[in-house]
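Please read the structure below before turning to the comments.
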Number of protein chains: 2
Amino acid sequence: MAIQKTSLVEIAMDRIKTYILENKLKENDKLPTEKELIAKLQVSRTVVREALRSLESIGILKIKPGGGVFVGDSDFRSIKSILKHHYEAHGVKIRELVEIRKILELGALRLIIEKNLDVDFDYLESLNQEYYQAITHNWDTKKYDQLFHQHIIQEADNETFYNFTEVIQEYFSLVKIDLMQSKKDLLASYKEHSEILAGLKNKNLEYSHKIMSVHFEPIFDYIYEMEGLKEDGTN
Amino acid sequence: MAIQKTSLVEIAMDRIKTYILENKLKENDKLPTEKELIAKLQVSRTVVREALRSLESIGILKIKPGGGVFVGDSDFRSIKSILKHHYEAHGVKIRELVEIRKILELGALRLIIEKNLDVDFDYLESLNQEYYQAITHNWDTKKYDQLFHQHIIQEADNETFYNFTEVIQEYFSLVKIDLMQSKKDLLASYKEHSEILAGLKNKNLEYSHKIMSVHFEPIFDYIYEMEGLKEDGTN
DNA sequence: ATCGAAAATTGGTCTGACCATATTATATAT
DNA sequence: ATATATAATATGGTCAGACCAATTTTCGAT
């Protein structure tokens, strides 16, 4: 078993992370300057800078030239950028992402109903009405559809779940998918949204699950059609 | 709107990422040396090094002292380390993680049945038998239980789904949770595993979902009890 | 052809310098 | 006294050159 010696940069990274935790620094709080860190950690500026850069690239820090070093936002932006590169390098099967989204959406419905949560139906219905307006006015509907689904997940009262879903959604948005829905399809989609809300109102898990499944069907149809038309596994 | 000038390091990072993509470098493939990158990118060694370090910290590269720079494994190790820090800084509600796990496991069952996948029941049953042995011999059972669940997810034929689940699992493993199951509870758990497999064999989604839900009940009971005993939201 | 020592390559760290931007202090005008 | 413009300072960004440590390659002895 080869014991690999830890580099000074890694040690510095750990100590800076620990510094943040021990001092309970929150987002945008200021860290010691490079010069101070050099004194504290007793290493060269090279090491301090490489450590800071690394921590910045994983989103833990934010470096403002001329200003100082600050604690970064915990918005998982760095995770999204990692997935972006992973996608560009390896591709991803759209089918897999859609399957995941379906599972998550079904799961959100389950959480809402099983935990007997109060849902902001007024807002969800207003979102769906905007969706309807977009459909009838031939605007871009995708945005409104997405907002609706996103908000249902938000209603599941699970922040971690919501965060992960957002990451998946970001991943998903990298993939070009144009499933050219006719106005008839879109109106059906709108109707399904309404029915899902009805299912939620009645706390009918089975029904809302059924409708949500139907709601995903055209997407799967489209995907299976696509998969039949090409060989490479990048989409 | 403030246009922020991009630093040379960021530009270098982009160019190196692009280099990997354009040359279709795979895991462990070698990149140009620092010296060569300095010549290629026409920047100082400082910039090249900070760019390489940053790319290493997000898992895209792997730097071997004395050896060279290589493409990193795409095992999401960096994402896990980001989540680790996020957990240490913000904590996480166990309830949320368990809810997510339940949703994912139910989802896996759904994918297997809806896609009519062939499942390696022999292996799953052998895993469950090991679980049984561990229970009766008073060994540590957690490992075997985990293997069983992990493999079910693996059977869902969705690599992205599996990867995300693994990340969640890693996140989960950071949390200390000891739900002290009695031998009686464990035997019930073992039985439920068997019933889940039976449900899968019969392609009975409803049944396997029901058993899986029951399977999670003691965990939720434990968690709700815990939540009642403390106020801080860190667990 | 094999093995081992020597040499070259490669990344790791240190120092000191200079630049650009942001912040702070100071002087000035009102 | 306050507000504003200006200068001084602090901070991160980049560059250059040097030396160290680990790895890889080269090459001679066997």
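Chain letters run A, B, ... following the sequence lines, proteins first, then strands; residues in each count from 1.
- At least one side-chain heavy atom of Leu104(B) sits under 4.5 Å from a side-chain heavy atom of Ile100(B).
- Checked for salt-bridge contact, Glu56(B) and Arg53(B) meet the test: a charged N lies under 4.0 Å from a carboxylate O.
- The two residues Leu186(A) and Ile135(A) make their nearest non-hydrogen contact at O-CD1, 3.4 Å.
- Checking side-chain atoms of His137(A) against main-chain N and O of Gln133(A) turns up a donor-acceptor pair under 3.5 Å.
- Put simply, NZ on Lys62(B) is 15 Å from P on dT23(D), counting in whole angstrom units.
- Ion pairing between a basic and an acidic side chain is recognised when a charged N comes within 4.0 Å of a carboxylate O; Lys142(A) and Asp140(A) show no such pairing.
- Distance Leu37(B) CG to dT9(C) P: 17 Å, rounded to the nearest Å.
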Classify every nucleotide of nucleotides 10-18 of chain C by which part a protein heavy atom approaches to under 4.0 Å, writing B for the base, S for the sugar-phosphate alone and - for neither, in 5'-to-3' order.
BBBBBB-B-

